J.: 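Take a look at the following structure, please.
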Number of protein chains: 2
Amino acid sequence: MSTETIGEKLRELREAKELPLRKVAALLDIDVAILSKMERGERKLSKDIVLKLADIYGHNPDELLVLFLSDKIMYEIQDEDLGEKALKVAEKKVKYLKANKNK
Amino acid sequence: MSTETIGEKLRELREAKELPLRKVAALLDIDVAILSKMERGERKLSKDIVLKLADIYGHNPDELLVLFLSDKIMYEIQDEDLGEKALKVAEKKVKYLKANKNK
DNA sequence: CTAACTTTGACACTTATTGTCAATAGAAAG
DNA sequence: CTTTCTATTGACAATAAGTGTCAAAGTTAG
């Protein structure tokens, strides 16, 4: 499933390694409470934390970053009827920018 | 072009009607400075303001909302190499949620 | 029960966002 | 050049949002 959130994915990875929040939080040098909340989507993650966790869990960082970014996108369009249309327009914009990045 | 920003579009609409910032700002009950900055992308717009402007300019609100939302999305993925992938994953998530909205 | 792990909520602190205002700049008209 | 209307800019205070820290309470396994 790619419908899971970055938090859910990170919890899966941590539990697969059988690492307690305590140890991972220590490696990240943050409070256990914050990491707990991040995994449950109660606190926002940062790109920096996501990359560090990819390293700690030995997981592909790009996959986690995509989940992280798509979560941020979902947050912007949640409950919006026009969300899907907005995503398509955003794709057009990205492609347009990529095609004209030299200018 | 759908590559324009919501701010640029709103300025176009206002100038097409030959309305000064002063008058539109009065209708919105906000400061002229804020409206000026919103049109130039220096301040964030709110959904509420966008809808009021659609009404003032007699323009399709959905089209403006899509531009507004896609701008917010673009802001989240700007400068990200994985932006396009994240958009596709977000689309999947939206479709998944829509298919399971009854549950 | 005890011990390790996790969740929750309160709090102070910092950063971002917002509204208000006045000064400045630009263009058109007399 | 001066007046007038319009738009931009930057400073400021007020508010909201995000962050880190801590302790208490809940959960689970032995």
Side-chain angles (χ1 to χ4, degrees), chain A residues 4-54 56-57 64-65 67-80, chain B residues 4-54 56-57 59 64-65 67-80 86:
Chain A
E4 67 189 342
T5 67
I6 177 67
E8 287 164 351
K9 180 69 182 181
L10 290 172
R11 173 146 293 189
E12 272 177 32
L13 291 172
R14 181 174 62 80
E15 290 179 342
K17 294 263 176 183
E18 293 185 10
L19 288 167
L21 284 175
R22 178 178 52 78
K23 287 191 180 178
V24 178
L27 290 172
L28 293 172
D29 195 30
I30 64 175
D31 194 286
V32 180
I34 293 178
L35 185 57
S36 169
K37 287 169 183 170
M38 283 175 170
E39 287 186 347
R40 288 171 299 108
E42 207 179 308
R43 287 265 176 136
K44 286 181 181 171
L45 282 147
S46 67
K47 187 178 178 179
D48 186 57
I49 295 279
V50 171
L51 291 175
K52 282 180 182 167
L53 288 171
I56 290 170
Y57 300 143
L64 296 184
L65 279 180
L67 269 182
F68 167 66
L69 291 172
S70 64
D71 269 16
K72 295 213 291 181
I73 293 168
M74 290 303 290
Y75 179 78
E76 294 298 335
I77 63 175
Q78 65 185 175
D79 310 323
E80 293 287 349
Chain B
E4 67 188 343
T5 65
I6 177 67
E8 287 164 352
K9 181 69 182 180
L10 290 173
R11 172 146 295 189
E12 272 176 33
L13 291 172
R14 182 174 61 80
E15 291 179 340
K17 295 262 177 183
E18 293 186 7
L19 289 167
L21 284 176
R22 178 178 51 77
K23 287 191 180 178
V24 178
L27 290 172
L28 294 172
D29 195 30
I30 64 174
D31 194 286
V32 180
I34 293 178
L35 186 57
S36 168
K37 286 169 184 170
M38 283 175 169
E39 286 187 348
R40 286 171 301 107
E42 207 179 308
R43 286 263 177 138
K44 287 179 181 172
L45 282 146
S46 68
K47 187 178 177 179
D48 186 57
I49 294 280
V50 172
L51 291 176
K52 283 179 182 168
L53 287 172
I56 290 171
Y57 300 144
H59 197 270
L64 295 184
L65 278 180
L67 270 181
F68 167 65
L69 291 172
S70 65
D71 269 16
K72 294 213 293 181
I73 293 168
M74 289 304 289
Y75 180 79
E76 294 298 334
I77 64 175
Q78 68 186 174
D79 310 324
E80 292 287 349

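Atoms considered below: every heavy atom in the structure, side chains included; atoms not considered: hydrogens, waters and symmetry mates. Predicted model, so just to flag it, every value in this text is computed and none were measured.
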J.: Does B/Arg40 have a side-chain nitrogen or oxygen under 4.0 Å from the phosphate oxygens OP1 or OP2 of D/dT9?
T.: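 Answer is yes, contact under 4.0 Å.
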J.: Rounded to whole angstroms, how far apart are CG on B/Asp29 and P on C/dT18?
T.: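 B/Asp29 atom CG is separated from C/dT18 atom P by 17 Å.
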J.: So, the side chain of B/Glu18 versus the backbone of B/Glu15: is there a donor-acceptor pair under 3.5 Å, distance only?
T.: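 Pair absent, no side-chain N/O of B/Glu18 close to backbone of B/Glu15.
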J.: Taking only the side-chain nitrogens and oxygens of B/Lys44, find out if one of them lies under 4.0 Å from OP1 or OP2 of C/dT17.
T.: yes
J.: How many angstroms lie between atom CG of B/Asp29 and atom NZ of B/Lys52, to the nearest 0.5 angstrom?
T.: 7.5 Å
J.: Does B/Lys37 make a side-chain donor-acceptor contact with the base of D/dG10, cut-off 3.5 Å?
T.: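 Per atom types, the contact qualifies.
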J.: Compare side-chain N and O positions of B/Arg14 against OP1 and OP2 of D/dT6 and report whether any pair is under 4.0 Å apart.
T.: no
J.: Classify A/Ile34 by what it touches in the nucleic acid, base, sugar-phosphate, or nothing, heavy-atom distance under 4.0 Å.
T.: base
J.: When you measure from the side-chain N and O atoms of B/Ser36 to the phosphate of D/dA7, is any distance below 4.0 Å, counting only OP1 and OP2?
T.: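 Negative; the distance criterion is not met.
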J.: For the pair made of CD1 in A/Ile30 and P in D/dC22, what is the distance, rounded to whole Å?
T.: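 Nearest whole value for this atom pair: 14 Å.
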J.: Within the side chain of B/Asp71, is there an N or O that forms a donor-acceptor pair under 3.5 Å with the backbone of B/Ile6?
T.: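 Side chain of B/Asp71 to backbone of B/Ile6, a donor-acceptor pair under 3.5 Å: yes, one is there.
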J.: Strictly distance-based, threshold 3.5 Å: is any side-chain N or O of A/Glu39 a donor or acceptor partner for the main-chain N or O of A/Ser36?
T.: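 No, A/Glu39 side chain to A/Ser36 backbone: no donor-acceptor pair under 3.5 Å.
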J.: Of the options C/dT7, D/dT9, D/dT6, whose atoms approach the side-chain atoms of B/Ala33 most closely?
T.: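 Selected nucleotide: D/dT9.
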J.: Write down the distance between NZ (B/Lys23) and C1' (D/dC5), rounded to a whole number of angstrom.
T.: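 Distance, rounded to whole Å: 11 Å.
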J.: Give the rounded distance in Å between these two atoms: CD of B/Glu42 and C1' of D/dA11.
T.: 13 Å
J.: Starting at atom NZ of A/Lys72, determine the distance to atom P of D/dG18, rounded to an integer number of angstrom.
T.: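 Rounding to the nearest Å, NZ of A/Lys72 and P of D/dG18 are 12 Å apart.
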J.: Could you state the CD-C1' distance from A/Glu18 to C/dC5, rounded to the nearest angstrom?
T.: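 Going from A/Glu18 (CD) to C/dC5 (C1'), I get 14 Å.
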J.: Between B/Glu39 and B/Arg43, who's closer to the 5' end of DNA chain D by nearest nucleotide?
T.: B/Glu39
J.: Quickly work out the B/Met38 CE to D/dT8 C1' distance and round it to whole Å.
T.: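 Taking CE of B/Met38 and C1' of D/dT8, I get 15 Å after rounding.
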J.: Over how many whole Å does the gap from B/Arg11 atom CZ to D/dA7 atom P extend?
T.: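 So the CZ-P distance, B/Arg11 to D/dA7, works out to 7 Å.
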J.: By nearest nucleotide on DNA chain D, pick out whichever of A/Asp31 and B/Glu15 is the more 5' one.
T.: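 The answer here is B/Glu15.
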J.: Does this structure show an ion pair linking B/Glu80 with A/Lys47, if we count only N-O contacts that are shorter than 4.0 Å?
T.: yes
